[in-house]
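The next block holds one structure in the form of structure tokens; read it before the comments.
Keep in mind that this is a model prediction, so the values were computed, not measured.
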Amino acid sequence: MRLLSLTVALRIAVACLLTVEVALDPHLVASEIVPGGEARSQERSRMETHDDLLLRVERMVPGFGGMFIEVDGRLAVYLLDTSPVSAAGSAIETVFGPSLTAGGVRAVQGQYTVSQLKAWTERASAVVLDVPGVTMVDLNEAKNRVTIGVEDDSRTQTVKDVLSSLKIPREAVLIQVTGQINPVNPR
């Protein structure tokens, strides 16, 4: 549970940093505004997502597969080859800032790169989210896997069948029972 809350805290911190960046550089927002008369198909620039930031780290350190903060505050970094751990720490500092690595960095043997996980997440999302009872599809950088949420165990086999038709390695996916997810009712 603490790992999950640390992952959530990491994502919130990144979102806050991106919000501050936009506040300091208003042209980033201006590029998102499209006059009503322009075609919807017009290509618009967009802000980087958390997954985009992870891909930037991978471009600096090939073999990077994600990261998570351990209970002791140290950053654990998934790498296919664990030897460039200091280079990974430097790349993470460049992309995310030095606060993530302040407690130290430890290499963990990864099985997949962020770019592989992102491709599989996108491929799965395009189909699996249409399966009744599927609640989410996520590039899970804290587990070096794609996570698919289902309302209950009865949906698991259907998801496995769909994944095999998409040629996504079964061992690269965690299927997790999340229960039903209800939207928040705005006031």
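- In terms of heavy atoms, L79 sits closest to A107 at CD1-CB, 4.2 Å.
- Taking the side chain as every heavy atom from C-beta outward, V114 and V57 never approach each other to under 4.5 Å.
- Qualifying side chain to side chain contact (heavy atoms under 4.5 Å, CB included) partners for Q111, counting only residues two or more places apart in sequence or in other chains: N144, R145.
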request  = Show the numbers, then the answer: is there a side-chain contact (heavy atoms from CB on, under 4.5 Å) between R106 and V77?
outcome  = CA-CA 6 Å; R106 178 178 77 89; V77 178; over 6 Å; no
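- Side-chain heavy atoms closer than 4.5 Å link hydrophobic residues (I, L, V, M, F, W, Y) into clusters, and following such links, possibly through other members, connects I69 to V85.
- When side chains are defined from C-beta on, V108 does not count as touching T82, because their heavy atoms never get closer than 4.5 Å.
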key: Derivation of the side-chain contact (heavy atoms from CB on, under 4.5 Å) call for I168 and V173   = CA-CA 8 Å; I168 297 173; V173 179; 3.7 Å; yes
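- When every heavy atom of A91 is checked against every heavy atom of V61, the shortest pair comes out as CB-CG2, 3.7 Å.
- Here the side chains of E141 and L139 are in contact, with some heavy-atom distance below 4.5 Å.
- Shown here are the side chain to side chain donor-acceptor pair (under 3.5 Å) partners of S125, two or more places apart in sequence or in another chain: there are none.
- By the 4.5 Å heavy-atom criterion applied to side chains, T94 and M60 are counted as neighbours.
- In terms of the salt bridge (Lys or Arg N to Asp or Glu O under 4.0 Å) criterion, residue partners of R56 (sequence neighbours excluded) are, by chain and number, E48.
- Partners of F64 according to the ring pair (Phe, Tyr, Trp, His ring centres under 6.0 Å) rule, which considers only residues two or more places apart in sequence or in another chain, do not exist here.
- With hydrophobic clusters built from ILVMFWY side chains whose heavy atoms lie under 4.5 angstrom apart, V159 does not share a cluster with M136.
- Across all non-hydrogen atoms, the minimal contact from Y78 to Q109 is CD2-O, 3.9 Å.
- Residues satisfying the side chain to side chain donor-acceptor pair (under 3.5 Å) test with S115, not counting sequence neighbours, are E58, T113.
- Residue pairs meeting the ring pair (Phe, Tyr, Trp, His ring centres under 6.0 Å) criterion with at least one partner in residues 102-140, sequence neighbours excluded, are Y112-W120.
- Side chains of T135 and Q180 form no contact here, defined as non-hydrogen atoms less than 4.5 Å apart.
- For S90, the side chain to side chain donor-acceptor pair (under 3.5 Å) test picks out no residue, with sequence neighbours left out.
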task = Report the C-alpha distance between L163 and I148 in whole Å, list the side-chain angles of each, state the deciding distance to 0.1 Å, and finish with yes or no for side-chain contact (heavy atoms from CB on, under 4.5 Å).
result = CA-CA 10 Å; L163 289 173; I148 298 177; 3.8 Å; yes
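- At a threshold of 4.5 Å between non-hydrogen side-chain atoms, the residues V134 and V162 do not count as touching.
- Within the structure, side-chain hydrogen bond (donor to acceptor under 3.5 Å, both in side chains) pairs that include any residue of residues 159-177 comprise Q157-D161 (at least two apart or interchain).
- Every residue two or more places apart in sequence or in another chain was checked for a side chain to side chain donor-acceptor pair (under 3.5 Å) with E151, and none qualifies.
- Taking each heavy atom of L53 and F96 in turn, the nearest pair found is CB-CZ, 3.6 Å.
- Counting heavy atoms from C-beta on, the side chains of V177 and R155 never come closer than 4.5 Å.
- Evaluation of the salt bridge (Lys or Arg N to Asp or Glu O under 4.0 Å) test over residues 92-101, restricted to residues two or more places apart or in two chains, returns none.
- Side-chain contact annotation: D81 with S83, donor-acceptor N/O pair under 3.5 Å present.
- For D130, there are no side chain to side chain contact (heavy atoms under 4.5 Å, CB included) partners at least two apart in sequence or on another chain.
- Taken to the nearest 0.5 Å, the OG1 atom of T147 stands 4.5 Å off from the CG atom of L174.
- The minimum heavy-atom distance between V146 and L117, with the atom names listed, is CG2-O, 3.7 Å.
- Remark: the backbone N or O of D52 is paired with a side-chain donor or acceptor of T49 at under 3.5 angstrom.
- The two atoms that bring A124 and V137 nearest to each other are CB-CG1, 4.1 Å, heavy atoms only.
- Residues meeting the salt bridge (Lys or Arg N to Asp or Glu O under 4.0 Å) test with R74, sequence neighbours left out: E70, D72.
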